[in-house]
Amino acid sequence: MGLHHFGVRVADLDRATAFYRALGATPLAEPMTLGGRAAGLAMNVPPGTSVRIALLGFPDGSGVELFEFDPLPTWCGPPDPAARLPHLGIQVDDVDAALAAAEAAGAERLWPEPSHWGPLRVVYLADPDGTVLELLDGPLVDVAKVIVPRR
């Protein structure tokens, strides 16, 4: 058992695909478009809405599923730029290199510089659509080792 994938709404599927490729994800198939009845059944969207979908995989087998809606359904409220606690954590080999690649692909740094969480280097950033990401250079178990239980 483990993380399978996370789904992210994006404004521009091609731009988002390039962004996640810069973080080490690889397209698993050609993007597909759902429209008409198929979009309505699969995504609960009103008639006239199309959905472009791309699946990208990370080396550990997890992945990201990107969704571009046209037009945006009402159940997809606008992103809240102040909502930084909900985020997607991505393990990378080198935080500084991944941050540089992400910024070159359109990310916005949310912390001035990467920091340390115990033995891990970590930084928060927003992808081009405002989705908050956390880049870490070690596994979640190393994060847990730093947490001190309160009594």
Side-chain angles (χ1 to χ4, degrees), residues 1-29 31-32 34 39 42-45 49-151:
M1 298 297 188
L3 178 65
H4 189 273
H5 74 278
F6 54 91
V8 179
R9 181 182 74 213
V10 300
D12 180 325
L13 191 73
D14 299 323
R15 178 188 70 191
T17 297
F19 176 82
Y20 284 97
R21 287 186 76 161
L23 290 177
T26 303
L28 300 176
M32 71 172 171
L34 296 177
M43 302 301 301
N44 192 28
V45 295
T49 302
S50 67
V51 186
R52 289 183 67 213
I53 303 168
L55 296 170
L56 291 92
F58 289 105
D60 70 352
S62 66
V64 58
E65 186 174 15
L66 306 174
F67 297 91
E68 176 190 294
F69 294 93
D70 183 25
L72 190 64
T74 57
W75 57 263
C76 283
D80 181 357
R84 294 188 174 169
L85 183 57
H87 64 277
L88 309 171
I90 299 176
Q91 185 173 331
V92 297
D93 291 329
D94 181 325
V95 169
D96 296 301
L99 177 60
E103 287 180 318
E108 176 187 345
R109 191 184 296 214
L110 299 177
W111 289 3
E113 295 297 326
S115 185
H116 283 83
W117 181 259
L120 303 180
R121 285 187 41 82
V122 59
V123 67
Y124 275 73
L125 58 140
D127 78 5
D129 290 290
T131 300
V132 178
L133 307 176
E134 179 183 15
L135 303 179
L136 309 101
D137 65 0
L140 187 59
V141 67
D142 286 349
V143 173
K145 290 176 184 175
V146 178
I147 298 172
V148 178
R150 295 180 183 210
R151 295 181 186 240

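Just so you know, residue 1 is the first one in the sequence shown, and it goes up from there. Any value given below was found using the heavy atoms of this structure, including those in side chains, with hydrogens, waters and symmetry copies removed.
Interatomic distance, Leu66 CG to Leu13 CG, rounded to the nearest 0.5 Å: 6.0 Å. Here the OG1-CG distance, from Thr131 to Leu125, works out to 10.5 Å after rounding to the nearest 0.5 Å. Here Leu28 contributes atom CG and Leu56 contributes atom CG; the two are 6.5 Å apart, rounded to the nearest 0.5 Å. If you take CG on Leu99 and CG on Leu23, they are separated by 9.5 Å, rounding to the nearest 0.5 Å. We find the CD-CD distance between Glu108 and Glu103 to be 9.5 Å, quoted to the nearest 0.5 Å. Atoms CG and CG, on Asp93 and Leu135 in that order, are 12.0 Å from each other to the nearest 0.5 Å.
Minimum heavy-atom separation, Pro128 to Ala105: CG-O, 3.7 Å. Looking at every heavy atom in both residues, Gly24 comes nearest to Pro59 through O-CD, 3.7 Å. Pairing each heavy atom of Glu65 with each of Leu55, the nearest pair is CG-CD2, 3.4 Å. Here the shortest heavy-atom pairing between Glu134 and Val122 reads OE2-CG2, 3.1 Å. Residue Pro71 comes nearest to Thr49 through the heavy atom pair O-CG2, 3.4 Å, listed as atom of the first residue, atom of the second, then distance. Among all heavy-atom pairs drawn from Asp127 and Leu133, the shortest one is CB-CD1, 4.2 Å.
Contact check for Arg52 versus Val10: no side-chain heavy atoms found under the 4.5 Å cut-off. Residues Asp14 and Glu68 form no side-chain contact, since every pair of their non-hydrogen atoms from C-beta on lies 4.5 Å or further apart.
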Apply side-chain contact (heavy atoms from CB on, under 4.5 Å) to the pair Val132 and Leu110, showing each step before the final yes or no. CA-CA 9 Å; Val132 178; Leu110 299 177; 3.9 Å; yes
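Using cut-offs of 30° and 60° on the angle between ring planes, the pair Tyr124 and Trp111 is tilted.
For Arg109, the CZ atom is densely surrounded, since the number of other residues' heavy atoms within 6.0 Å is greater than 12.
Remark: side-chain polar atoms of Asp137 are paired, donor with acceptor, to backbone N or O of Arg121 under 3.5 angstrom. Between the side chain of Asp129 and the backbone N or O of Ala11 there is at least one donor-acceptor pair closer than 3.5 Å.
Between the side chains of Asp60 and Ser62, a donor-acceptor pair is found at a separation under 3.5 Å.
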